[in-house]
Amino acid sequence: MITGCRHIGWLLVLWLGMVNPVRAQLAHSLRLELASNPNEEEAFDVTPLAERGVLVTIRTGAFYDNTPAHFRFQKYNTDLKLIWQTEFKQDSRYRPIQSFHNDRYQYQLFREPDTDHFQFMRLNLDDGTTETFEGNLIEPFDIRHFKVLGNQAYVGGYHHNRPLVMSFSFFDRSTKVLPSLYVNHMEINSLEVDESRQEVHVLVHTLRRGCQFSVRTFSYEGKLLRTLTFDDAQNSLISGKLLPVDEHESLLVGNYSTDCTPYSQGIYVTRIRHNAPGRTDVAESAGEDIQYIEFSQLKNFFNYLKPRRQQKMLARMLKKKEEGKDVKFRYRLLVHDLKPTPEGLTLVAEVYYPQYSGASLNGGVLRPTSRYVEGFRYTHAFICGFDKQGKLLWDNCLPIKELTSPDLLEMVQVSQQGDHMVLAYPNEGEINTEVIQGSKVLKEVANYKLQTNSEQDKVTFSAQDNLSAWYDRHFLACGFQKIAAERNLTNQREVFYINKLTYDPQSATDNSTESASQKTSGSGR
């Protein structure tokens with residue numbers, strides 16, 4: 001889902017146009033514009049639905065006052081032609097909290113402030129029909145996670161600073177608290193649903209008791225099946241993502257630290273064997289089979305740096321290792337969901353650091369003076385391929401230049417094209433792309449400027465740019481722009497745009513090179 005696009009405006013479809021694609025890494029295919037008027041606040045969410053099209057959600061109301069939330073849902077096909085649209089006006093008692101979607105439905109979670117009353121809205125993605133389900137969860141409840149499996153919603157968050165996950169049945173409106181999670185000093189890392197096994201995984205960690213990390217698996221009905229605890233792990237696991245590789249095993253991949261902090265030293269991978277049918281293990285120890293991969297072991301991790309700075313860093317690391325000293329890294333990672341491949345899986349992670357509202361120079365080092373984070377700066381992304389046994393096959397790097405975001409969002413998108421991968425991210429009305437094949441770079445970072453439907457248009461302002469891999473060779477880009485005719489720059493229109501972009505596989509050079517030796521673009525920190 002492409003989220004976070006909020007603006008002031010009135011919804012109106014201006015036009016839908018097509019131009020002939022040009023020979024380039026990305027080609028403009030289609031563009032949809034929704035005009036905005038600075039008299040009404042709106043939020044736009046774009047949810048790609050693969051070959052089934054795209055869902056656009058436009059919300060008004062219930063941002064800062066007691067006005068009821070109003071939703072307009074519009075589904076388009078892959079040619080960005082409108083299939084259906086429907087509206088949902090929420091009771092003024094409720095406030096929108098979170099959304100979730102799967103192949104069949106889009107869900108919206110609402111709550112009545114200062115009560116335990118909740119409402120779930122289910123939108124059928126085939127025909128636009130809606131249903132609502134009301135029930136009681138708990139109060140107070142600081143909600144952070146929301147997933148749906150079958151006819152059960154799972155809502156995770158904190159109650160009196162303790163983690164809590166509750167299930168809600170759409171069938172009989174009953175609620176249940178999932179056991180063994182309401183513990184002091186523990187945090188929910190992620191909440192995942194496994195449709196193939198009809199299981200729910202809650203990944204938790206604590207900064208006390210040796211930074212314990214565990215995976216707690218529940219049945220569809222909320223029964224605890226097993227607790228996989230990494231007490232014996234050599235390092236402190238920070239996060240984890242699960243991906244089933246067959247009927248009996250899954251791979252757990254994430255990042256780790258050496259000192260019980262949020263700063264990553266590298267990534268890890270381990271295999272998880274599922275219970276035999278009918279068997280319940282409420283406590284299992286793990287950690288012996290974890291494979292740790294320090295960042296310095298990745299061939300291309302530091303290719304985001306300029307060549308001279310990269311050489312200096314590698315030289316310092318080599319010297320420390322020769323002296324028998326440990327190399328310490330202080331990277332923060334945003335780890336994406338794992339992507340299955342014929343060989344195993346692909347891991348994508350973005351490296352970032354928070355930017356603070358105030359800072360001061362102390363000994364030549366920029367240090368924050370307050371704990372208010374005003375945004376996030378991305379430096380690069382790295383991508384790794386693993387086989388089904390968890391063996392690292394290759395790695396690569398995408399430099400990210402001067403990209404900041406007020407929210408920590410997944411900016412880098414990946415499209416698999418045979419044995420090629422297209423890596424792309426948006427920035428100020430442009431799309432930056434790189435084409436790789438395993439550890440090789442087929443085409444280094446290139447910039448593509450988003451087009452309008454007329455050569456007479458000039459984009460004077462672009463904000464909240466987002467990108468998503470859509471289907472096959474296509475991407476979706478969206479955001480807000482101010483556009484004026486080149487002959488009359490004072491008369492501007494404000495639009496929310498959706499551009500369909502198509503990757504041209506013939507544009508990737510056949511002269512592939514090893515990225516470790518050929519990478520020249522990128523920015524240092």
Side-chain angles (χ1 to χ4, degrees), residues 2-6 238-239 254-257 261-267 295-296 298 300-310 312-313 328-336 347-384 395-414 423-434 444-450 461-468 477-480 515 519-525:
I2 306 177
T3 61
C5 295
R6 179 180 298 178
I238 299 175
S239 72
N255 53 320
Y256 73 92
S257 72
T261 68
Y263 300 108
S264 301
Q265 185 74 9
I267 57 176
F295 291 132
S296 60
L298 298 175
N300 304 302
F301 181 84
F302 300 102
N303 286 350
Y304 74 100
L305 296 171
K306 293 180 179 179
R308 182 175 296 180
R309 187 171 180 187
Q310 182 182 161
K312 289 182 179 180
M313 175 176 281
K328 295 292 185 181
F329 300 108
R330 292 182 64 81
Y331 291 107
R332 290 180 180 264
L333 299 188
L334 177 60
V335 182
H336 295 207
L347 166 72
V348 179
E350 296 171 70
V351 183
Y352 71 93
Y353 59 90
Q355 292 187 314
Y356 295 88
S357 57
S360 63
L361 281 174
N362 185 353
V365 178
L366 191 66
R367 301 184 184 280
T369 58
S370 74
R371 296 191 62 83
Y372 175 71
V373 177
E374 64 177 5
F376 301 90
R377 176 77 176 268
Y378 299 78
T379 61
H380 64 296
F382 67 96
I383 181 169
C384 300
D395 70 89
N396 218 314
C397 172
L398 171 67
I400 300 177
K401 189 175 182 180
E402 299 177 356
L403 176 62
T404 60
S405 172
D407 302 305
L408 186 58
L409 303 172
E410 295 180 2
M411 304 300 290
V412 175
Q413 296 292 306
V414 180
L423 315 181
Y425 69 91
N427 193 13
E428 297 184 350
E430 293 186 344
I431 306 298
N432 300 283
T433 63
E434 180 181 77
E444 295 193 4
V445 176
N447 304 99
Y448 171 80
K449 189 172 183 178
L450 290 173
F461 175 78
S462 185
Q464 300 186 41
D465 302 306
N466 284 277
L467 182 73
S468 180
C478 76
F480 293 100
S515 58
K519 184 79 69 175
T520 58
S521 59
S523 61
R525 293 192 350 191

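Please read all numbers here as calculations on a predicted model, not as lab measurements. Values below: every heavy atom of this structure, side chains too, minus hydrogens, waters and symmetry copies.
Counting non-hydrogen atoms of other residues, nucleotides and ligands closer than 6.0 Å to NZ of K328 gives a total above 12.
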**Request:** Check the pair I383, L398 against side-chain contact (heavy atoms from CB on, under 4.5 Å), reporting the backbone distance first and the verdict last.
**Result:** CA-CA 8 Å; I383 181 169; L398 171 67; over 6 Å; no
**Request:** Test Y425 against K401 for side-chain contact (heavy atoms from CB on, under 4.5 Å), laying out the working first.
**Result:** CA-CA 10 Å; Y425 69 91; K401 189 175 182 180; 4.2 Å; yes
**Request:** Apply side-chain contact (heavy atoms from CB on, under 4.5 Å) to V373 and Y356, showing your working.
**Result:** CA-CA 4 Å; V373 177; Y356 295 88; 3.8 Å; yes
**Message:** What verdict does the side-chain contact (heavy atoms from CB on, under 4.5 Å) test give for E402 and R377, after you've listed the backbone C-alpha separation in whole Å, the side-chain angles of each residue and the deciding distance to 0.1 Å?
**Reply:** CA-CA 7 Å; E402 299 177 356; R377 176 77 176 268; 4.0 Å; yes
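Residues P406 and F376 approach most closely at O-CE1, 3.9 Å, considering heavy atoms. Nearest heavy atom pair, residue P426 against residue L403, reads O-CD1, 3.5 Å. Pairing each heavy atom of I238 with each of S264, the nearest pair is CD1-OG, 3.8 Å. Between H336 and V412, the closest heavy-atom pair is CE1-O, 3.1 Å.
Side-chain contact between L333 and F295: present, with at least one pair of heavy atoms (C-beta onward) separated by less than 4.5 Å. Between M411 and I400 the shortest side-chain heavy-atom distance does not fall below 4.5 Å. Y263 has its side chain within reach of R332: a pair of non-hydrogen atoms, C-beta onward, lies under 4.5 Å apart. In this structure, the side chains of H380 and E350 stay at 4.5 Å or more apart for every pair of heavy atoms. Within the 4.5 Å cutoff, the side chain of L409 has heavy atoms near those of the N466 side chain.
In this structure, F302 CZ and F329 CZ are separated by 4.0 Å, a value rounded to the nearest 0.5 Å. The CG atom of N300 sits 5.0 Å away from the CG atom of N396 when rounded to the nearest 0.5 Å. Interatomic distance, CD1 of I431 versus CG of L467, reported as 4.5 Å (0.5 Å rounding). Of the inter-residue distances, the one linking N255 atom CG with I267 atom CD1 reads 9.0 Å to the nearest 0.5 angstrom. In this structure, OG1 in T379 is found 8.5 Å from CG in L305, a value given to the nearest 0.5 Å. One finds the CD atom of E410 at 12.0 Å from the OG atom of S405 (value rounded to the nearest 0.5 Å).
The main-chain N or O of E428 is found under 3.5 Å from a side-chain atom of D465 such that the two form a donor-acceptor pair.
Under the ring-ring contact (aromatic ring centres under 6.0 Å, His included) test applied with Y331, the options Y352, F382, Y353, F301 reduce to a single match, F301.
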